[in-house]
Amino acid sequence: MDRRLFVQALALPCFAARAADADARFTVEARFYEKQPYKKIKCKLCPRECVIDDRERGYCGARENRGGTYYSLVWARVCAAHVDPIEKKPLFHFLPGSSAFSVATAGCNVNCKFCQNWDISQIRPEQVSSTYIPPKDLAALTRRNGCRSIAYTYSEPVVFCEYVLDSAEAGRAAGVKSVVISGGYVQEEPLKQLCRRVDAIKIDHKGFSEKYFKEVVNGELKPVLNALATIRKLGTWCEVVYLVVPALNDSDEEFRALARWIKTELGPDVPLHFSRFYPEYLLKNLPPTPLPALERAKAICDAEGLHYVYIGNVPGHPAESTWCPKCRRVVVERAGFTVRAVHLDKGKCHFCQQAIPGIWEG
Ligand code: SF4
Ligand code: SF4
């Protein structure tokens, strides 16, 4: 029995008491679903399209059918909140050196075997302690903590989409930006609404084969590619992360296919981060990614013509910094999550005036 089934089985005996105790403050009607006969509903938030009977929940455990109306149970139900450098997300072409007020609610619509946050992503909202932080308070907290953005992160923001949309709006009114850190397993309409309200999206690409998505992520590759293309089309700032897992998604062919797809569909200026894997959750049997595998991935993608290929989770590596693709000088110098120097003049390389895409000011 995997962890998700185990915790769901544990939760069953207390279902009635839990439903009665559910805090109404956290419950809002879901925005992306269809009503069906016999009080069923079909969720239209992610490609899983769960069809749910009355009093049941979808796969993510964060949404519940009550009498034929579908509800999010995680609106403003914050189970993790930290001030993080934006470089930790990672977003490298977005207000470098700034801090992001980072929040999560419980639940996820996939189950990655390498998940570092499985203790909040693979459980139900009532199984973790949470704090009520409505959108205006979240925006105010963000400012009070000296952060320039709210980051929706750690678990999967798609499953707390209503809270993200409302908070991004409150943030905008208060002068703070919003960034979404997601696996990109989302349907087009909610994604379009997210793109209109937030300032940047980082997609964890995970792998470049359906087999890997099926066996390691319990999701699908195609909808993630569609999501990336939609984000690009709508012009929301986007960066891509690929966690390199030894023996599972580290072949030259996958790196090359990824680079070619990004170059063709998104363009060569979209930053791509190859991130080092550390043994975690259901993949404790594997070693950390060897540095040569990350450098090989970068070399392949550089050769394919991508302009901004980074290596992550290797503090001090030169590929943590942003290099101008024209004059080959460092324009943003990083060491770990620290920004040591920025050599940009209004988004252009200080040395040769080449435009470097990103959100550098504001
Ligand atoms: S968001 Fe949750 S309930 Fe909706 S389709 Fe995805 S997993 Fe199912
Ligand atoms: S999408 Fe993110 S939060 Fe969800 S299981 Fe995968 S790594 Fe964990």
Side-chain angles (χ1 to χ4, degrees), residues 47 87 89-94 110 112 158 179-186 188 191-192 194-195 198-213 216-217 219-245 248-277 289 293-314 317 319-326 328 331-332 354-359:
E87 285 72 24
K89 301 297 117 194
L91 280 166
F92 277 12
H93 292 225
F94 185 91
V110 295
C112 304
V158 165
V179 303
V180 164
I181 311 303
S182 170
Y185 196 50
V186 58
E188 189 168 5
L191 178 61
K192 281 182 174 172
L194 283 169
C195 286
V198 307
D199 299 282
I201 300 181
K202 188 213 82 177
I203 296 293
D204 283 308
H205 198 292
K206 303 184 195 295
F208 208 75
S209 76
E210 288 291 358
K211 183 172 184 290
Y212 181 82
F213 265 79
V216 180
V217 176
E220 303 161 275
L221 168 62
K222 191 76 174 56
V224 177
L225 298 180
N226 291 344
L228 278 164
T230 298
I231 297 167
R232 184 66 178 156
K233 197 166 73 189
L234 294 179
T236 307
W237 181 254
C238 180
E239 302 192 22
V240 177
V241 168
Y242 187 107
L243 181 76
V244 180
V245 183
L248 296 183
N249 68 355
D250 61 349
S251 71
D252 289 4
E253 293 70 31
E254 280 165 290
F255 297 146
R256 197 165 291 113
L258 173 71
R260 288 180 181 173
W261 187 88
I262 289 179
K263 192 175 173 193
T264 309
E265 302 296 330
L266 309 180
D269 284 340
V270 170
L272 171 63
H273 305 248
F274 285 107
S275 191
R276 181 178 235 172
F277 158 88
T289 319
L294 297 163
E295 291 178 330
R296 176 169 50 85
K298 175 172 165 53
I300 289 170
C301 293
D302 284 343
E304 290 293 332
L306 299 189
H307 291 159
Y308 305 99
V309 185
Y310 297 100
I311 289 178
N313 286 350
V314 185
H317 196 283
E320 285 186 317
S321 293
T322 302
W323 297 72
C324 172
K326 190 171 164 203
R328 305 308 307 160
V331 288
V332 183
Q354 167 75 18
I356 309 291
I359 296 175

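Atom set for the values below is all heavy atoms of this structure, side chains included, hydrogens, waters and symmetry mates excluded.
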For E304 and K263: C-alpha separation, side-chain torsions, deciding distance, then whether salt bridge (charged side-chain N to carboxylate O under 4.0 Å, His left out) applies. CA-CA 8 Å; E304 290 293 332; K263 192 175 173 193; over 6 Å; no
Please name the pair of heavy atoms, one in Y308 and one in A355, separated by the smallest distance, quoted to 0.1 Å. OH-O, 4.2 Å
Any chance you could measure H307, atom NE2, to I356, atom CD1, to the nearest 0.5 Å? 10.0 Å
Quick one, Y212 and L248 - any side-chain contact, counting heavy atoms below 4.5 Å? yes
E320/I311 under side-chain contact (heavy atoms from CB on, under 4.5 Å): CA gap, chis, key distance, verdict: CA-CA 6 Å; E320 285 186 317; I311 289 178; over 6 Å; no
For K298 and V309, the nearest pair of non-hydrogen atoms, with its separation, is NZ-O, 3.0 Å
Heavy-atom closest pair, residues N249 and Y242: O-OH, 2.7 Å
Hey, does H205 have a side-chain heavy atom less than 4.5 Å from the side chain of L258? yes
List for me each residue that meets side-chain hydrogen bond (donor to acceptor under 3.5 Å, both in side chains) alongside K211, sequence neighbours excluded, and say none if there are none. E215
Give the minimum heavy-atom separation between I203 and G183, together with the two atoms involved. CG2-O, 4.1 Å
E210 side-chain N/O to L221 backbone N/O, donor-acceptor pair under 3.5 Å: yes
In sequence, state the C-alpha distance, the side-chain angles, and the governing distance for L266 and L228, and then conclude on side-chain contact (heavy atoms from CB on, under 4.5 Å). CA-CA 8 Å; L266 309 180; L228 278 164; 4.2 Å; yes
Taking all non-hydrogen atoms of both residues, which atom of V244 and which atom of F277 are closest, and how far apart? O-CB, 3.3 Å
Nearest non-hydrogen partners of S251 and E254, listed with the distance: OG-OE1, 2.9 Å
Go through it in stages, so that I can follow the logic: the residues are E265 and L225, the test is side-chain contact (heavy atoms from CB on, under 4.5 Å), and I'd like the CA-CA distance, side-chain angles, deciding distance and then a yes or no. CA-CA 9 Å; E265 302 296 330; L225 298 180; over 6 Å; no
Measure up the H93 and W237 rings against each other and bin them: parallel (under 30°), tilted (30 to 60°), perpendicular (over 60°). parallel
The reported gap from NE2 in H273 to CG in D204 (rounded to nearest 0.5 angstrom) is 10.0 Å
Looking at the rings of F92 and Y310, which for Trp means the six-membered one, are their centres under 6.0 Å apart? yes
side-chain contact (heavy atoms from CB on, under 4.5 Å), that's the test. Do F274 and L243 meet it? Break it down for me. CA-CA 6 Å; F274 285 107; L243 181 76; over 6 Å; no
Is the closest side-chain heavy-atom distance between V270 and V240 below 4.5 Å? yes
Do E239 and P90 come close enough that some side-chain heavy atom pair is under 4.5 Å? no
Nearest 0.5 Å, please: how far is CG in N226 from OH in Y185? 11.5 Å
Can you confirm whether D199 sits close enough to F94 that some side-chain heavy atom of one is under 4.5 Å from a side-chain heavy atom of the other? yes
Note, K202 side chain near C238 side chain (heavy atom, < 4.5 Å): no
Does some side-chain heavy atom of F255 sit less than 4.5 Å from a side-chain heavy atom of F208? no
Between the NE2 atom in H317 and the CZ atom in R276, the distance rounded to the nearest 0.5 Å is 9.5 Å
For S275, give me all partners under side-chain hydrogen bond (donor to acceptor under 3.5 Å, both in side chains), at least two apart in sequence or on another chain. N313
Calculate, to the nearest 0.5 Å, the distance between atoms CD1 and CD1 belonging to I201 and I231 respectively. 4.0 Å
Set of side-chain hydrogen bond (donor to acceptor under 3.5 Å, both in side chains) partners for K89, sequence neighbours left out: D84, S102
In Å, rounded to the nearest 0.5 Å, how long is the span from CG of L306 to CG of D269? 9.5 Å
